[in-house]
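Before any comments, here is the structure.
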Amino acid sequence: MGGSSLRVPLTLVAVAIVFVVGAVAPTRFAGDFVLRLANEGLLLGMLALSVAFLMNQAGLVALGAASIYGGSGLLFAIAMNDWNLTPVWALCAAFLIIVVYATVLGALIVRTNPLAFMMLTLAAGEMISHAVMLEALRDYTGGADGLVVSFKGTVFGMEAADFASPARFWVVMWVAAWLSGLALWAVGRSRLGAILRAVRENEERMRFSGFDTYLPRLIAYVLVNIVAAVAGLLHVLNAGFVSPESLGISVSTNSLVAALMGGIAGSVGPLLGGVIFSFAQDEFGARGLTQLLTGIAIVVFIVVFPRGVVGGLSSMAWLRKLGFGGRRETS
Amino acid sequence: MLKIENLSVSYGSVRALSDVDLEVLGDGILHGVIGPNGAGKSTLLDAVCGRRRPVAGTVHYRNEDITRRSVAWRRRQGMARSFQRTSVFQDLTVHEQLHLVAQHLGDNRLDDVIEVMDLAGYLHQKAGRIAYGVQRRVDVALALIGRPHLLLLDEPGAGLSAAETLHLFEHLRDLVRERKIAAVVVEHDVDAVFACCGKVTVLDLGRHLATGTPQQIRADHRVVAAYLGTAA
Ligand SMILES: Nc1ncnc2c1ncn2[C@@H]1O[C@H](COP(=O)(O)OP(=O)(O)O)[C@@H](O)[C@H]1O
Ligand SMILES: [Mg+2]
């Protein structure tokens, strides 16, 4: 039909409009408070994205996102404060160390089965978050007080005050979220993605088909940690501060919950999940019932939207039954 | 093509294969392996393809000792196998999985495989959704990709009717003859084996009992006593 040749450019135009409007509109119409929550939501969303990608493509659940997220921020602060690097070099150094760490850790753990993998990411994350609190390292890490991160000059053309401004930072976050979402989406659709999914499904048959099943998983693991590290660095640039809590287990579990809420099969779901989670936490916190209401929300989400918000909306089975959403997917 | 010497394999304290010697030539004939349940037939294929490390003995493939090589390496060198319990990618379409493997092994004649295994009508269905007998053919098709020199097939007829099994064996016989490759086929359906294999090996209790032409095997009184007596 003639319509299908038009549909691709139309989709592209729609996506471009969403991108531009999403970058600009909130800075005009939303207050600082809402923007702060949205920024936090997208940061969490990027972590959720990394967790979801590994789950969806490789069948591996990682519980160590926080150590990468908080760790990269901490390294950035240390690189500036103690190693006297310029902000840009400090970012590069922190990023590089995290990539090396993720590669070494990944090399050790992606070989194991999914349950062992989960436990090992948890153990490694907990080790890092406790090591940061060690008295002997206090001069470096700031212990329980955390570290103030202030820099002079500019990073990518922005001053410290720009990163701290919720409206300016929103634009940065929006672009970063899109880039990481698109990057992981592209990887998922590439040959590497196809190999990862096939390995997830039947690792042995892949080996018996001549594939190395180890390297693809290691690459995926490093890749998602790069996304988490970028989120961590953006977080400290915005907050001007690294707290030891940013390495804590609750950041890891929150990102997992956000991923499940949004839906793990794609890039929109986890990012949206992060934003929903951030606003919900604030709403629940205002009532002083954060934990309880979060728990209830998780149960409701998993029961009502087992494939997450995006997964649930995209199938729309119940809407179709009622006669809405006329166009049926043919695949 | 394949030379097995003094091969022994254990599962913990269970000795599944002891001291097996076997030579398989790349002469375009099907080499059948039969024997009672638990005789060690699957274990033999596992040791040859690298799924199980033998506790003793060697495996030579194309004049090279490959006893310590990885499964993936062996596959890339043209040693392919199918599984007794079907092992396909349930969640991928038939075409997706065949294509993925063909791309990796640099095989641009995927159509041949699809034709030989008669899968043209199922290409765009997920493997988990098609009938079991067709899944068996996908399993064998995955092994045929990349023009292997040595095929190891573990009960390709499992779950198929006697007529279907015979039909599959005839297909395999023709294919192996045409390509002049080596093929080891484990099968419990002795009629299909005797009808289509040029050579037959009998295993019993982890030991090599006899190897010969179907006529020789049928006439071997040890084989008849251990296995065929009841089955034929
Ligand atoms: N994974 C395993 N763990 C322990 N014992 C096994 C395992 N696989 C096979 N065996 C034992 O090894 C022997 C040979 O098994 P197998 O090679 O599967 O026989 P066949 O294929 O001829 O039926 C049997 O006694 C079986 O119980
Ligand atoms: Mg068997």
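Note on naming: letters A, B, ... go to the chains in the order of the sequence lines (proteins, then strands), and numbering restarts at 1 for each one.
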So B:D91 and A:R197, side chain to side chain contact (heavy atoms under 4.5 Å, CB included) or not? Walk me through it. CA-CA 9 Å; B:D91 231 22; A:R197 289 188 298 279; over 6 Å; no
With under 30° as parallel and over 60° as perpendicular, where do the rings of B:H104 and A:F211 fit, or are they tilted in between? parallel
Mind checking the SG-CZ spacing from B:C49 to A:R207? Nearest 0.5 Å is all I need. 9.5 Å
A:N113 atom CG: more than 12 heavy-atom contacts under 6.0 Å: yes
Cut-off 4.5 Å, heavy atoms of chain A, and the answer for B:Q97 is neither
Give the intermediate values and the outcome of side chain to side chain contact (heavy atoms under 4.5 Å, CB included) for residues B:L100 and A:R191. CA-CA 8 Å; B:L100 186 71; A:R191 222 175 112 64; 3.9 Å; yes
Do you know which of B:E96, B:Q77, B:R74, B:R51 has the most heavy-atom pairs under 4.5 Å to chain A? B:R51
Main chain of B:V88, side chain of A:N202: is a donor-acceptor contact present, judged purely on distance under 3.5 Å? yes
OH of B:Y122: more than 12 outside heavy atoms within 6.0 angstrom? no
Check the surroundings of atom CZ in B:R53: do more than 12 heavy atoms from other residues, nucleotides or ligands lie under 6.0 Å from it? yes
With distance as the sole test, does B:R75 use its side chain to make a donor-acceptor pair with the main-chain N or O of A:S209 at under 3.5 Å? no
Contact between A:R205 and B:D139 at the side-chain level, heavy atoms closer than 4.5 Å - yes or no? yes
State whether the number of non-hydrogen atoms from other residues, nucleotides or ligands found under 6.0 Å of B:E115 atom CD is greater than 12. no
Got more than 12 heavy atoms from elsewhere within 6.0 Å of NE2, B:H167? no
Do B:R76 side-chain atoms and A:G210 backbone N/O form a donor-acceptor pair below 3.5 Å? yes
Minimum heavy-atom separation for B:L92 and A:E201, please, with both atom names. N-OE1, 3.7 Å
